[in-house]
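Start at 1 and go down the list; that is how both ligands and their atoms are numbered. Owing to the predicted nature of the structure, the values given are computational and were not obtained by experimental measurement.
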Amino acid sequence: MSTVGAAVFPALENRPLKDTICLFDVDNTLTPARRSVTDEMLQVLSQLRQKCAIGSVGGSDFKKQQEQLGTASVDCTSLFDFNFAENGLTAYRLGKSLTGNSFIQWIGEEKYQKLVNFILRYIADLEIPKKRGTFLEFRNGMINVSPIGRNASHEERIEFEEYDKVHNIRKPFVEALKKNFPEYGLSYSIGGQISFDVFPTGWDKTYCLRHIEAEKELSGIEYKNIHFFGDKCFEGGNDFEIFSDSRTIGHCVENPDDCMKQLRELFQL
Ligand code: M1P
């Protein structure tokens with residue numbers, strides 16, 4: 001078990017590089033994909049935290065981040081100055097929760113129901129070989145829409161993915177939503193096998209930068225150097241927007257070992 005979490009760090013305003021913050025993607029940057037962080041990485045982060053502020057930025061929910069970065073006895077919010085889950089919709093600063101946000105809060109019930117009714121009608125009219133259950137999953141930061149349904153088995157997922165490649169089910173569905181709800185400010189992503197995600201435009205990882213910028217008002221610290229480290233920095237990858245944002249200095253890493261190597265070189269750790 002790591003003891004790194006128990007280390008003492010200077011207050012944010014007393015760090016040697018007080019206008020610098022390093023933000024890290026989680027999967028394949030701080031940890032191997034869907035696995036736990038190593039003690040070696042925690043040690044490097046702890047050394048870095050003596051010099052500047054550090055934060056994690058994951059797309060998954062906070063529970064997942066705690067599983068990968070913390071342990072049963074170490075709260076992952078004690079290991080970073082900032083923790084951002086769901087791209088920053090859930091946010092912690094120095095272990096304390098900041099104001100969060102959600103898809104339903106943002107869209108409002110009336111507009112949401114118009115969207116949901118359209119989606120369910122569209123699915124009802126679809127003729128596909130199999131339909132199972134849970135055609136729309138309501139998540140905190142998005143909705144996930146699946147023509148076959150999220151209850152599909154592993155085999156049924158593969159079948160649908162193949163069917164979709166030939167018969168093109170999801171793309172026209174997304175086009176119909178874009179056409180019918182142009183003023184909603186939504187983005188769509190066909191990232192997996194059986195579904196697509198619907199979320200507010202801009203709710204990618206750049207969302208968390210508002211919390212970093214708010215620090216100027218809160219503590220007087222203006223982060224002039226916002227470093228971001230991630231592995232999916234190519235266009236279409238979920239680190240692309242924050243990596244290429246004009247407010248950040250992007251660093252593309254191959255894996256956690258490469259991330260540690262770059263940090264040691266950049267910050268002389
Ligand atoms: O990570 C990519 C996608 O993975 C799942 O998609 P599917 O169930 O279609 O394979 C979903 O979790 C989806 O939200 C996610 O974008």
Would you mind running through ligand 1 and noting each atom that sits below 4.0 Å from a heavy atom of [X]?
| X | result |
| --- | --- |
| S195 | 6 (O), 7 (P), 8 (O), 9 (O) |
| D197 | 13 (C), 14 (O), 15 (C), 16 (O) |
| R157 | 7 (P), 8 (O), 10 (O) |

Identity and separation of the nearest protein heavy atom to [atom]:
| atom | answer |
| --- | --- |
| atom 5 (C) of ligand 1 | R150 NH2, 4.3 Å |
| atom 4 (O) of ligand 1 | G192 CA, 4.2 Å |
| atom 11 (C) of ligand 1 | R139 NH2, 3.8 Å |

- prompt: Is the closest heavy atom of E137 to ligand 1 under 4.0 Å?
  reply: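 E137 does not count as a contact of ligand 1 under the 4.0 Å cut-off.
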query: Can you tell which part of N144 has a heavy atom less than 4.0 Å from ligand 1: side chain, backbone, both or neither?
result: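 It is the side chain that touches ligand 1; the backbone stays farther off.
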message: Is it the case that ligand 1 has an N or O less than 3.5 angstrom from some N or O of I194?
response: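 Yes - when backbone and side-chain N and O of I194 are compared with those of ligand 1, one distance drops under 3.5 Å.
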- prompt: Is K205 salt-bridged to D245, cutoff N-O under 4.0 Å?
  reply: no
message: I'd like to know if R139 and E86 make a salt bridge, using a cut-off of under 4.0 Å between side-chain N and carboxylate O.
response: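 No.
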- prompt: Are any non-hydrogen side-chain atoms of E40 and Q43 less than 4.5 angstrom apart?
  reply: no
Verify whether the ring centers belonging to [X] and [Y] lie closer than 6.0 Å.
| X | Y | answer |
| --- | --- | --- |
| W203 | Y207 | yes |
| H227 | F267 | yes |
| H251 | F228 | no |

- request: Could you tell me whether a side-chain N or O of N117 sits under 3.5 Å from a main-chain N or O of Q113, the two making a donor and an acceptor?
  value: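 Yes, the answer is positive, given that a donor and an acceptor are paired below the 3.5 Å cut-off.
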